[in-house]
There are 2 protein chains.
Amino acid sequence: MEALPPSLLGLTTYLLSKTGKAARGRLAARLAADGLRMWHMAVLAALADFGPHAQRDLSARLGIDPSDVVKVLDELSAPGFVDRARDPADRRRVTATITAGGRRELTRLTREARAIQDELLAPLDVAERDQLHALLTRILV
Amino acid sequence: MEALPPSLLGLTTYLLSKTGKAARGRLAARLAADGLRMWHMAVLAALADFGPHAQRDLSARLGIDPSDVVKVLDELSAPGFVDRARDPADRRRVTATITAGGRRELTRLTREARAIQDELLAPLDVAERDQLHALLTRILV
DNA sequence: CCCAATAATAGGTCTTCACCCACTATTTCA
DNA sequence: TGAAATAGTGGGTGAAGACCTATTATTGGG
């Protein structure tokens, strides 16, 4: 008397929604322990992977509202994870750069994300996890 | 200059979160066209698959707060998708039953969910979709 | 050189969602 | 039979997300 309705479990849409929610929920919980949220990690990742960004470029790359970028950067620069400096070439722009501390934080968060992933994907063996990863990647294209 | 950070795309957790959000978003949009939300569909599915439920049992099966079950059933009985009747054996209980109209609505919603699914999973062939479905099923246990 | 466009920022709104509390009716059981 | 537990209901709250607007500083095009 505890099973979920097969009508729903037969929909991949539903399974995606549900596993996605589980994944996001767990990841968000770990981030919250550091006072952070998803966007903070995304911004750190973007800065680490692609180098310094004007805030507008972060907004475009990640699809966040420009005014929310401001808030995220406020919260990332407080603990010293990013530096903000006005661009001398165009003084309207503010360039955000990840610091050594920010890189360390990102590494920590990534490690924890993988731990969460291992819990969530426990029923799958390594080959299957790779398969899943590849399929999801192709969906997002 | 538009790519997402590989640091994120390398995390299955992130991919799940993102595809899940896409799936939920699209499904929610279709449901909203009928003035419904996820839980409405879940409740209809539970009633169709397992027969009439006391509200408390719906709450337990689907993991919704009992007070939210009330609201969902209010909205499902307004258009006549479910009937509510007090259980004569235990007059505290209210038994919810899906109507013929409710079954028709569920069929419609399911058909639309499959259409959404086809859009979302367009990059995958049929075998791969089955694979994805099987993997996600095993994750949810 | 002036005006329109651009970048950042501060501040706010509007939903959605999960959750919680108080209250009533009814049942169970000591 | 009286007290405790259970079922449903109504009316909230609080957090999180996405979005929107006005303002200021700065730039570049006509």
Side-chain angles (χ1 to χ4, degrees), chain A residues 1 17-18 20-43 47 52-78 82-97, chain B residues 1 17-18 20-33 35-43 52-78 82-97:
Chain A
M1 183 54 171
S17 165
K18 203 147 171 64
K21 189 174 180 178
R24 178 171 27 256
R26 294 182 193 216
L27 190 46
R30 297 286 178 114
L31 287 167
D34 289 32
L36 301 178
R37 269 158 300 131
M38 286 290 181
W39 286 132
H40 297 96
M41 185 170 179
V43 165
L47 295 178
H53 284 64
Q55 296 186 190
R56 171 163 230 288
D57 295 333
L58 276 176
S59 165
R61 180 185 298 282
L62 298 172
I64 328 179
D65 188 272
S67 72
D68 291 327
V69 173
V70 176
K71 294 157 194 161
V72 167
L73 287 179
D74 283 348
E75 288 150 2
L76 284 175
S77 59
V82 302
D83 278 338
R84 277 199 278 197
R86 206 155 276 277
D87 180 350
D90 183 342
R91 294 186 36 73
R92 289 171 302 182
R93 284 192 157 87
V94 171
T95 305
T97 309
Chain B
M1 183 56 172
S17 165
K18 202 145 172 63
K21 190 174 181 179
R24 177 171 29 255
R26 294 182 191 216
L27 191 45
R30 297 285 177 116
L31 287 166
L36 301 178
R37 272 157 299 133
M38 286 290 183
W39 287 131
H40 297 98
M41 184 170 181
V43 165
H53 284 64
Q55 296 186 190
R56 169 163 234 288
D57 295 333
L58 276 177
S59 164
R61 178 185 300 281
L62 298 173
I64 326 178
D65 188 273
S67 73
D68 291 328
V69 173
V70 176
K71 293 155 195 164
V72 168
L73 286 179
D74 283 347
E75 288 150 2
L76 284 175
S77 58
V82 301
D83 278 338
R84 278 199 278 197
R86 207 155 275 278
D87 181 349
D90 183 342
R91 295 186 34 73
R92 287 172 303 183
R93 283 191 157 88
V94 171
T95 304
T97 309

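Just so it is clear, the values below take in all heavy atoms, side chains as well, and ignore hydrogens, waters and symmetry mates. Here the structure is a predicted model, which is why all the values come from computation and not from measurement. Below, chains carry the letters A, B, ... as their sequence lines are ordered, and counting in each starts from 1.
Using a cutoff of 4.0 Å between basic side-chain nitrogens and carboxylate oxygens, B/Asp68 and B/Lys71 are scored as salt-bridged.
Put simply, the side chain of B/Lys71 and the base of D/dG8 share no donor and acceptor less than 3.5 Å apart.
Atoms CG (A/Asp68) and C1' (C/dA8) sit 13 Å apart, rounded to a whole Å. In this structure, A/Gln55 places its CD atom 17 Å from P of C/dT6, rounding to the nearest Å. A/Asp65 places its CG atom 12 Å from the C1' atom of C/dA8, with the value rounded to the nearest Å. In this structure, B/Met38 atom CE and C/dT15 atom P are separated by 20 Å, rounded to whole Å. Whole-Å rounding puts the B/Arg84 CZ to C/dA25 P distance at 17 Å. The nearest whole Å value for the distance from the CZ atom in A/Arg93 to the P atom in C/dA5 is 17 Å.
For the pair A/Arg91 and D/dT27, the criterion of a side-chain N or O lying under 4.0 Å from OP1 or OP2 is not met. In this model, the phosphate group of D/dA16 is not approached by any side-chain N or O of A/Trp39 to a distance below 4.0 Å at OP1 or OP2. Within the structure, a side-chain polar atom (N or O) of A/Lys21 is placed less than 4.0 Å from OP1 or OP2 of C/dA18.
Distances from the side chain of A/Asp90 to the nucleotides D/dG10, D/dT9, D/dT27 place D/dT27 closest. The listed nucleotides are D/dG10, D/dG8, C/dT9; the one nearest the side chain of B/Arg86 is D/dG8. Residue A/Ser67 places its side chain closer to C/dA10 than to any other of D/dT9, C/dA10, D/dT26.
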Side-chain donor-acceptor pairs of residues 27-37 of chain A under 3.5 Å, sequence neighbours excluded:
residue : atom : partner  : partner atom : Å
A/Asp34 : OD2  : A/Arg108 : NH1          : 3.3
A/Asp34 : OD2  : A/Arg108 : NH2          : 3.2
A/Arg37 : NH2  : A/Glu75  : OE1          : 3.1

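Using a 4.0 Å heavy-atom criterion, one finds that A/Val70 contacts the bases of the nucleic acid, with or without backbone contacts as well.
Qualifying side-chain contact (heavy atoms from CB on, under 4.5 Å) partners for B/Arg92, counting only residues two or more places apart in sequence or in other chains: B/Asp90.
In terms of position on DNA chain C, the residue among B/Ala28 and A/Leu73 whose nearest nucleotide sits closer to the 5' end is A/Leu73.
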